[in-house]
Amino acid sequence: MSSILPPQELREEVIHDFPSGDFLFFDGLEAAGESFYEAEVFIIYGQDLTAEHITTKLKWIMVMSEGMDEMPLKTCNEKGILITKCKGNS
């Protein structure tokens with residue numbers, strides 16, 4: 001699931017390249033609503049994520065911007081969630 005709404009052609013490419021996956025793209029966490037709680041992988045701007053968003057299904061978070069210091073790192077660590085930062089972002 002992504003809280004970043006990439007261009008349509010990129011969304012189509014990802015869906016095509018990974019046909020066994022179920023992908024959801026939203027324009028922000030609020031737009032995702034309850035869908036967030038089913039996600040195993042999450043692409044997000046770091047500052048949007050709170051400890052309440054960390055679910056038992058979540059396995060990996062990719063941060064696409066600044067904001068790592070605002071993320072609930074302790075909760076992610078306790079639940080064994082991998083966190084990576086997108087290359088090219090400082």
Side-chain angles (χ1 to χ4, degrees):
M1 188 175 108
S2 174
S3 72
I4 302 161
L5 193 58
Q8 182 66 31
E9 61 271 5
L10 182 56
R11 287 181 268 166
E12 290 171 3
E13 183 178 332
V14 168
I15 291 167
H16 178 268
D17 289 348
F18 300 94
S20 65
D22 292 321
F23 296 92
L24 300 171
F25 302 94
F26 297 97
D27 189 10
L29 276 179
E30 288 185 30
E34 294 295 314
S35 298
F36 179 82
Y37 297 103
E38 296 300 315
E40 292 181 4
V41 177
F42 198 59
I43 302 169
I44 189 169
Y45 286 105
Q47 65 271 20
D48 297 340
L49 195 66
T50 67
E52 290 77 40
H53 293 116
I54 306 304
T55 66
T56 55
K57 290 187 175 191
L58 196 58
K59 298 175 183 168
W60 176 34
I61 300 169
M62 172 164 291
V63 181
M64 300 295 292
S65 70
E66 297 295 327
M68 290 287 286
D69 57 335
E70 297 176 32
M71 290 188 56
L73 298 175
K74 180 179 178 185
T75 303
C76 291
N77 187 41
E78 289 170 353
K79 296 194 181 228
I81 297 169
L82 174 65
I83 300 174
T84 57
K85 189 168 184 177
C86 183
K87 292 180 180 180
N89 293 314
S90 50

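Index from 1, following the sequence. Basis for what follows: all heavy atoms, side chains included, without hydrogens, waters or symmetry-related copies. Computed from a prediction, not measured in an experiment: that's the story for all the values here.
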Just how far is it from atom [atom1] of [X] to atom [atom2] of [Y], taken to the nearest 0.5 Å?
X	Y	atom1	atom2	value
Ile81	Ile61	CD1	CD1	5.0 Å
Met62	Ile4	CE	CD1	9.5 Å
Asn77	Leu82	CG	CG	11.0 Å

Inset, instruction - Indicate, with yes or no, if Leu29 and Leu24 share a hydrophobic cluster defined by side-chain heavy-atom contacts under 4.5 Å among Ile, Leu, Val, Met, Phe, Trp and Tyr. - result: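 Yes, one cluster joins them.
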Looking at every non-hydrogen atom in both residues, tell me the closest pair between [X] and [Y] and how far apart they are.
X	Y	value
Tyr37	Lys57	O-CD, 4.0 Å
Asp27	Leu5	CB-CD2, 4.0 Å
Phe42	Ser3	CZ-CB, 3.8 Å
Ala51	Thr75	CB-OG1, 3.7 Å
Met1	Ala32	CE-CB, 3.4 Å

List, one per line, each side-chain donor-acceptor pair under 3.5 Å for residues 9-23, sequence neighbours excluded.
unit_1, atom_1, unit_2, atom_2, d
Arg11, NE, Pro6, O, 2.8
Arg11, NH1, Gln8, OE1, 3.3
Arg11, NH2, Pro6, O, 3.3
Arg11, NH2, Gln8, OE1, 3.3
Glu12, OE2, Gln8, NE2, 2.9

Inset, instruction - For the residue pair Phe25 and Ile43, establish whether any side-chain heavy-atom pair is separated by less than 4.5 Å. - result: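 A side-chain contact is absent here, since even the closest heavy-atom pair is not under 4.5 Å.
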